[in-house]
Amino acid sequence: MKKILFIDRDGTIVKEAKAPDYVLDSFEELEFYPEVFRYLGKIVRKLDYEIVMVTNQDGLGTKALPTETFWNIHNKIIKAFENEGIVFSKVFIDDSYPEDKKPTRKPGIGMVTEYIDNPKYNLKKSFMIGDRLTDIEFAKNLGAKGIFINNDEALGATEINSKREELDAFIALQTTSWKKIYKFLNKTNRY
């Protein structure tokens with residue numbers, strides 16, 4: 001059975017765009033998360049995880065985030081990782097807003113139903129890596145664990161359905177360092 005690392009995009013592999021909209025909509029704002037290439041690359045080469053991107057992109061295709069702008073930046077991000085030998089097996093993008101309450105929007109798991117009850121995958125030994133509490137609740141909803149890149153605990157706090165303290169049981173690691181994520185997964189992989 002395969003283990004999966006579900007990985008958020010903004011705030012996790014690239015730096016979170018600035019408030020108030022947190023929308024990465026220009027190349028000037030594009031900045032990769034420190035040491036992500038080095039340590040995600042080590043994870044891909046040395047550990048036994050499939051990597052899958054799962055991201056919410058509020059209003060993709062609207063005036064707030066035009067399709068062409070998004071895809072130009074997103075494709076550049078994907079290509080930069082591919083150039084380092086880091087290939088996402090799948091990329092799932094939800095374009096809704098929080099108030100739409102779609103089952104495909106994290107913390108909902110509607111985008112990744114192909115992994116649920118699938119004998120090819122071991123979700124109990126899989127992780128969601130993200131910078132929002134919605135990522136941790138997504139892990140909970142999947143039956144996985146979360147790795148919380150906690151630069152701002154308020155991000156996603158208004159969108160979760162669980163009580164904040166209930167999510168603590170699903171946080172396997174809380175950090176702001178890809179090096180620590182690699183060390184944790186390497187240690188976990190040995191058991």
Open item on the list: What I want to find out is whether Lys106 reaches Asp135 closely enough, with some N-O distance under 4.0 Å, to be called a salt bridge.
Closed with: yes
Task: Distance (rounded to the nearest 0.5 Å) between Ile149 CD1 and Gln174 CD - done: 11.0 Å
Task: Atom pair CG (Asp58) and CG (Leu65), whose distance is rounded to the nearest 0.5 Å - done: 8.5 Å
TODO: Could you tell me the separation between the CG atom of Leu24 and the CD atom of Glu29, rounded to the nearest 0.5 Å?
DONE: 6.0 Å
Task: Modelled atom types, side-chain donor and acceptor of Thr104 and Asp94, under 3.5 Å - done: yes
Open item on the list: Is it the case that the side chain of Glu137 and the backbone of Asn161 share a donor-acceptor pair, with hydrogens and angles ignored and the cut-off at 3.5 Å?
Closed with: yes
TODO: Please examine the side chains of Met128 and Phe170, heavy atoms only from C-beta on, and report whether any two atoms are closer than 4.5 Å.
DONE: no
Open item on the list: Quick one, Lys90 and Met111 - any side-chain contact, counting heavy atoms below 4.5 Å?
Closed with: no
Open item on the list: Could you tell me if the side chain of Val112 sits less than 4.5 Å from the side chain of Phe138, heavy atoms only?
Closed with: yes
- [ ] Could you tell me whether the side chain of Ser89 and the main chain of Ile51 form a donor-acceptor pair under 3.5 Å?
- [x] yes
Open item on the list: Taking Leu5 as the starting point, is it possible to reach Leu173 by hopping between hydrophobic residues whose side chains are less than 4.5 Å apart?
Closed with: yes
TODO: Answer whether the closest heavy-atom distance between the side chains of Ile77 and Arg9 falls below 4.5 Å.
DONE: yes
- [ ] Hey, could you give me the CG/OH distance between Leu60 and Tyr97, rounded to the nearest 0.5 Å?
- [x] 9.5 Å
Task: Side chain proximity check, Leu185 to Ile147, heavy atoms < 4.5 angstrom - done: yes
TODO: Output the distance between atom CD1 (Ile136) and atom CD1 (Ile171), rounded to the nearest 0.5 Å.
DONE: 5.0 Å
Open item on the list: Give me the atom names and distance for the closest heavy-atom approach of Val36 to Thr12.
Closed with: CG2-O, 4.5 Å
TODO: First locate atom CZ of Phe88, then atom CG of Leu40, and finally report the distance between them rounded to the nearest 0.5 Å.
DONE: 6.0 Å
Open item on the list: Side-chain heavy atoms nearer than 4.5 Å, only ILVMFWY residues, links allowed to pass through others: does that put Phe81 and Leu30 together?
Closed with: yes
Open item on the list: For Asn75, is the CG atom crowded, meaning more than 12 foreign heavy atoms sit under 6.0 Å from it?
Closed with: yes
TODO: Go through Arg132 and Glu16 one step at a time and tell me if the salt bridge (Lys or Arg N to Asp or Glu O under 4.0 Å) criterion holds.
DONE: CA-CA 11 Å; Arg132 293 173 179 257; Glu16 187 73 60; 3.5 Å; yes
Task: Side-chain heavy-atom pair Ile129, Trp178 within 4.5 angstrom cut-off - done: yes
Task: Atom CZ of Arg164: over 12 foreign heavy atoms under 6.0 Å - done: yes
- [ ] Decide whether Phe37 and Tyr33 are clustered together by the hydrophobic rule: side chain heavy atoms of Ile, Leu, Val, Met, Phe, Trp, Tyr closer than 4.5 Å, transitively.
- [x] yes
Open item on the list: With a 3.5 Å distance limit and no angle check, can you tell me whether Tyr39 reaches the backbone of Lys183 through a side-chain donor-acceptor pair?
Closed with: no
Open item on the list: Do Thr134 and Glu159 pair up side chain to side chain, a donor and an acceptor below 3.5 Å, judged on atom types alone?
Closed with: no
Task: Met53 vs Ile7, side chain to side chain contact (heavy atoms under 4.5 Å, CB included): CA-CA, chis, key distance, verdict - done: CA-CA 5 Å; Met53 184 184 291; Ile7 303 173; 5.5 Å; no
- [ ] Of all the heavy-atom pairs spanning Leu123 and Ile4, show the shortest one and how long it is.
- [x] CD2-CD1, 4.3 Å
Open item on the list: Let me check something: do Met1 and Leu47 share a hydrophobic cluster, defined by ILVMFWY side-chain heavy atoms less than 4.5 Å apart, either directly or through other members?
Closed with: no
Open item on the list: With a 3.5 Å distance limit and no angle check, can you tell me whether Ser126 reaches the backbone of Asn122 through a side-chain donor-acceptor pair?
Closed with: yes
Task: Validation row: Phe32, Ile13 side chains within 4.5 angstrom (heavy atoms) - done: no
- [ ] Sort and list the pairs that fulfil ring pair (Phe, Tyr, Trp, His ring centres under 6.0 Å) and have at least one residue in residues 98-122, not counting sequence neighbours.
- [x] Phe6-Tyr115, Tyr115-Tyr121
TODO: Mark yes when over 12 heavy atoms from residues, nucleotides or ligands other than Glu165 sit less than 6.0 Å from its CD; otherwise mark no.
DONE: yes
- [ ] Spell out, as yes or no, whether a donor-acceptor pair under 3.5 Å connects the side chain of Asn141 to the backbone of Pro107.
- [x] yes
Open item on the list: Closer than 4.0 angstrom, basic N to acidic O: yes or no for Asp131 and Lys15?
Closed with: no
- [ ] Is it possible for you to check whether Lys145 lies under 6.0 Å from the centre of the six-membered ring of Phe127, through NZ or CZ, and within 45° of that ring's axis?
- [x] no
Open item on the list: For a 4.5 angstrom cut-off between non-hydrogen side-chain atoms, does Val23 reach Phe70?
Closed with: no
TODO: Specify the closest pair of heavy atoms between Phe27 and Asn72, including all atoms of both residues, with the distance to one decimal.
DONE: CZ-O, 3.6 Å
- [ ] Looking only at non-hydrogen atoms, find the nearest pair between Gly146 and Ala139 and report the distance.
- [x] N-CB, 3.8 Å
TODO: Could you check whether the rings of His74 and Trp71 sit parallel, tilted or perpendicular, using 30° and 60° as the cut-offs?
DONE: perpendicular
Task: Hydrophobic cluster membership, Ile181 vs Val44, 4.5 Å side-chain cutoff - done: yes
Task: Exercise: identify the closest heavy-atom pair between Tyr49 and Lys125 - done: CE2-O, 3.8 Å
